Asks: 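Can you keep this structure in mind? I'll have questions shortly.
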Amino acid sequence: MSTGGRVRRPTPPPAEEAPREEPTPAPPTPARSPAREKRPFLLDFFPLETADQTRLHRFYERLGEGRLCTTRCPRDGELHWPPRTACPKCHSEELEWVDLPESGHVYAFSAVLGGAPLGMETEVPFAVGLVDLDGAPLRLFGRIEGRPWTELRIGQPVRVEPYDIGDGRMFYRFRTVD
Ligand SMILES: [Zn+2]
């Protein structure tokens, strides 16, 4: 493709002719506008809960009534956790809501001492753990309140505690029972 004409190109400055080695390679940059890249990364730890946001809104509505519930499949009796919109076993979408026991025992726990999710930085240290619900074949993960994590023990009795996270949304946690 010779046009016979000369294309005038600006001479790159010398610094660009010999690329310098970067100390550490930059990670791949996603295709975003520069304006978007300048925004802080926002991590909302909690789910959206209203009927126009999730088909699982009844779970959160019942939490607001002080009830922890989940879905069960009437076809095969499968009890789900977390609640589902379709049975993972038979794929039926005709599921029923059932209340779960309000008490349980700590199966395992750990402490968050740093690196907490946004909005929880001032709450460290706090305990999280797995809780076996009494009388239900479910092991739930969640925050454990009530006593310092250094005083928690495996087998610690706890109860389910629905709570308002502060903006009207509901979630659940566990609280130790003496
Ligand atoms: Zn099923």
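Every number for a ligand or one of its atoms is a count from 1 in the order of the listing. Values reported hereafter were calculated over all heavy atoms of this structure, with side chains retained and with hydrogens, waters and symmetry mates removed. Keep in mind it's a predicted model, so treat the numbers as computed, not measured.
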Asks: Taking OH in Tyr107 as the centre, count heavy atoms belonging to other residues, nucleotides or ligands within less than 6.0 Å. Is the count above 12?
Replies: no
Asks: Among the N, O or S atoms that Asp76 has, which is closest to the Zn ion (ligand 1)?
Replies: OD2
Asks: Please determine whether Glu78 has a backbone or side-chain N, O or S atom lying under 2.8 Å from the Zn ion (ligand 1).
Replies: no
Asks: Are Tyr60 and Trp97, when compared by the centres of their aromatic rings, separated by less than 6.0 Å?
Replies: no
Asks: Is it true that Thr71 and His80 share a donor-acceptor pair across their side chains at a distance under 3.5 Å?
Replies: yes
Asks: Please state the angle at the Zn ion (ligand 1) spanned by SG of Cys87 and SG of Cys73: what is it, rounded to 10 degrees?
Replies: 110°
Asks: Are more than 12 heavy atoms from other residues, nucleotides or ligands located less than 6.0 Å from atom CD of Glu94?
Replies: no
Asks: Taking N, O or S atoms only and a limit of 2.8 Å, check whether Cys90 reaches the Zn ion (ligand 1).
Replies: yes
